[in-house]
Amino acid sequence: MPTLIADEKTQAMAEIRKLIEDPSFPNGWPNKETHIDHQIKWKDGVSKEYGVHGTAVGVDFDICIADGICITVCPVNVFDRMELPGEQEKMDKGVTNDSGKAPLATWKADPARENDCIFCRACEIQCPVQAIKITEP
Ligand code: F3S
Ligand code: F3S
Ligand code: ZN
């Protein structure tokens, strides 16, 4: 039944770690590599596959479900849609992430222009899974 599916999805989301609630991000998260002009941060024991892109505008790719509202609401176009072809293959095979419940996505919101952020926090407030954490310098 559609209602049950929606309930299960809501429950799965509630159980997913939220980047915004992690006080150790960004300063306690080591840099792993550079992507475009931002860092990819990785914390052992927390990051699962992709880590967090961005520092001032941190997007946890392991949490992002490609909702897209961040792209829509950002007034200065910080985000790019970053396709992850490997995820489609996993979805086709019915693979889930470590929680066994979290929905996967075929793309993530990459903070490609985080230096343009004016810290309005619209993305952080509206992301349904709280995958974004904004940190003013
Ligand atoms: Fe845009 Fe989010 Fe910054 S909406 S301006 S990236 S706080
Ligand atoms: Fe992902 Fe949240 Fe944006 S789910 S696409 S970071 S609104
Ligand atoms: Zn990136």
Side-chain angles (χ1 to χ4, degrees):
M1 288 169 59
T3 308
L4 280 179
I5 291 169
D7 287 349
E8 286 168 7
K9 191 171 180 181
T10 304
Q11 186 183 356
M13 286 180 180
E15 292 172 5
I16 299 171
R17 176 175 54 83
K18 299 173 172 63
L19 182 66
I20 194 174
E21 293 176 353
D22 186 339
S24 70
F25 186 86
N27 293 335
W29 284 53
N31 293 331
K32 184 181 181 193
E33 58 188 282
T34 301
H35 181 226
I36 313 176
D37 61 356
H38 57 268
Q39 293 296 322
I40 299 175
K41 288 178 167 288
W42 183 275
K43 191 172 183 185
D44 287 339
V46 176
S47 299
K48 300 296 183 191
E49 189 166 9
Y50 295 109
V52 175
H53 285 236
T55 303
V57 182
V59 180
D60 196 323
F61 274 31
D62 293 321
I63 299 175
C64 173
I65 57 168
D67 177 84
I69 190 69
C70 57
I71 296 172
T72 303
V73 298
C74 181
V76 290
N77 193 31
V78 161
F79 302 98
D80 275 344
R81 193 173 147 141
M82 182 173 156
E83 302 292 336
L84 296 171
E87 292 300 286
Q88 185 60 60
E89 196 177 325
K90 285 188 216 165
M91 291 170 87
D92 292 344
K93 290 178 181 170
V95 176
T96 55
N97 76 1
D98 278 9
S99 75
K101 294 177 180 173
L104 298 173
T106 60
W107 61 270
K108 308 285 179 171
D110 188 39
R113 290 165 296 280
E114 74 166 354
N115 293 333
D116 291 346
C117 177
I118 57 171
F119 305 106
C120 74
R121 294 183 180 261
C123 58
E124 185 186 58
I125 292 165
Q126 297 206 40
C127 174
V129 289
Q130 294 172 290
I132 302 175
K133 183 172 181 179
I134 301 298
T135 308
E136 294 195 41

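Order of appearance sets the numbers: ligands from 1, and atoms from 1 within every ligand. Side chains included, hydrogens not; waters and symmetry mates left out as well; all remaining heavy atoms used.
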field: Contact summary for P128 and I69, nearest pair of heavy atoms
entry: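 Heavy atoms of P128 and I69 come nearest at CD-CG2, 4.2 Å.
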
query: Looking only at heavy atoms, what is the nearest atom pair of C64 and A105, with distance?
result: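 C64 and A105 have their closest heavy atoms at O-CB, 4.3 Å.
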
Distance (rounded to the nearest 0.5 Å) between [X] [atom1] and [Y] [atom2]:
X   : Y    : atom1 : atom2 : result
Y50 : E87  : OH    : CD    : 3.5 Å
L84 : K108 : CG    : NZ    : 6.5 Å
T55 : I134 : OG1   : CD1   : 11.0 Å

Hey, which atoms in ligand 2 end up nearer than 4.0 Å to a heavy atom of [X]?
X    : answer
C64  : 1 (Fe), 4 (S), 5 (S), 6 (S)
V129 : 4 (S)
A66  : 1 (Fe), 4 (S), 5 (S)
A109 : 3 (Fe), 5 (S)
G68  : 5 (S)
D67  : 4 (S), 5 (S)

task: Please work out whether any backbone atom (N, CA, C, O) or any side-chain heavy atom from C-beta onward of A105 is under 4.0 Å from ligand 2, and answer side chain, backbone, both or neither.
output: neither

field: Location of contacts on I132 toward ligand 2, heavy atoms closer than 4.0 Å
entry: side chain

Interfacing atoms of ligand 1 (cut-off 4.0 Å, heavy-atom, [X]):
X    : answer
C123 : 2 (Fe), 4 (S), 6 (S), 7 (S)
F79  : 6 (S)
C120 : 4 (S), 5 (S), 7 (S)
V76  : 5 (S)

Tell me: protein heavy atom nearest [atom], and distance?
atom                    : value
atom 5 (S) of ligand 1  : I118 N, 3.4 Å
atom 2 (Fe) of ligand 2 : C127 SG, 2.3 Å
atom 3 (Fe) of ligand 2 : C70 SG, 2.3 Å
atom 7 (S) of ligand 2  : I69 CG2, 3.4 Å
atom 4 (S) of ligand 2  : I65 N, 3.3 Å

task: For R121 and ligand 1, answer yes if some heavy atom of the residue is under 4.0 Å from a ligand atom, otherwise no.
output: yes

- prompt: Hey, does I134 sit under 4.0 Å from ligand 1 if you only count heavy atoms?
  reply: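 Distance cut 4.0 Å: I134 passes for ligand 1.
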
field: Any side-chain heavy-atom pair of D80 and R113 under 4.5 Å
entry: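 Contact flag for D80/R113 side chains = yes.
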
field: Non-hydrogen side-chain atoms of R81 and D110 separated by less than 4.5 Å
entry: no

query: Should we say atom CD of E49 is surrounded by more than 12 heavy atoms from elsewhere, each under 6.0 Å from it?
result: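 More than 12 within 6.0 Å, yes.
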
message: Given 3.5 Å as the limit, does a donor-acceptor pair link the side chain of D62 with the main chain of K48, or not?
response: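 Yes, the answer is positive, given that a donor and an acceptor are paired below the 3.5 Å cut-off.
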
Salt bridge present between K133 and D60 (N-O < 4.0 angstrom):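 Salt bridge: no.
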
query: Which is closest to atom 1 (Fe) of ligand 1 by heavy-atom distance: C74, A56, A122, P75?
result: C74

query: So, is the end of the K41 side chain (NZ or CZ) under 6.0 Å from the ring centre of W29 and within 45° of the ring's axis?
result: no

message: Name the residue from L19, I20, T135 that meets the side-chain contact (heavy atoms from CB on, under 4.5 Å) definition with E124.
response: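 In the set L19, I20, T135, the residue that makes a side-chain contact (heavy atoms from CB on, under 4.5 Å) with E124 is I20.
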
message: For H53 and H35, take the angle between the two ring planes, folded into 0 to 90°, and tell me which bin it lands in: parallel under 30, tilted 30 to 60, perpendicular over 60.
response: perpendicular

task: Report yes or no: does C117 have an N/O/S atom closer than 2.8 Å to atom 3 (Fe) of ligand 1?
output: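 C117 does place an N, O or S atom closer than 2.8 Å to atom 3 (Fe) of ligand 1.
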
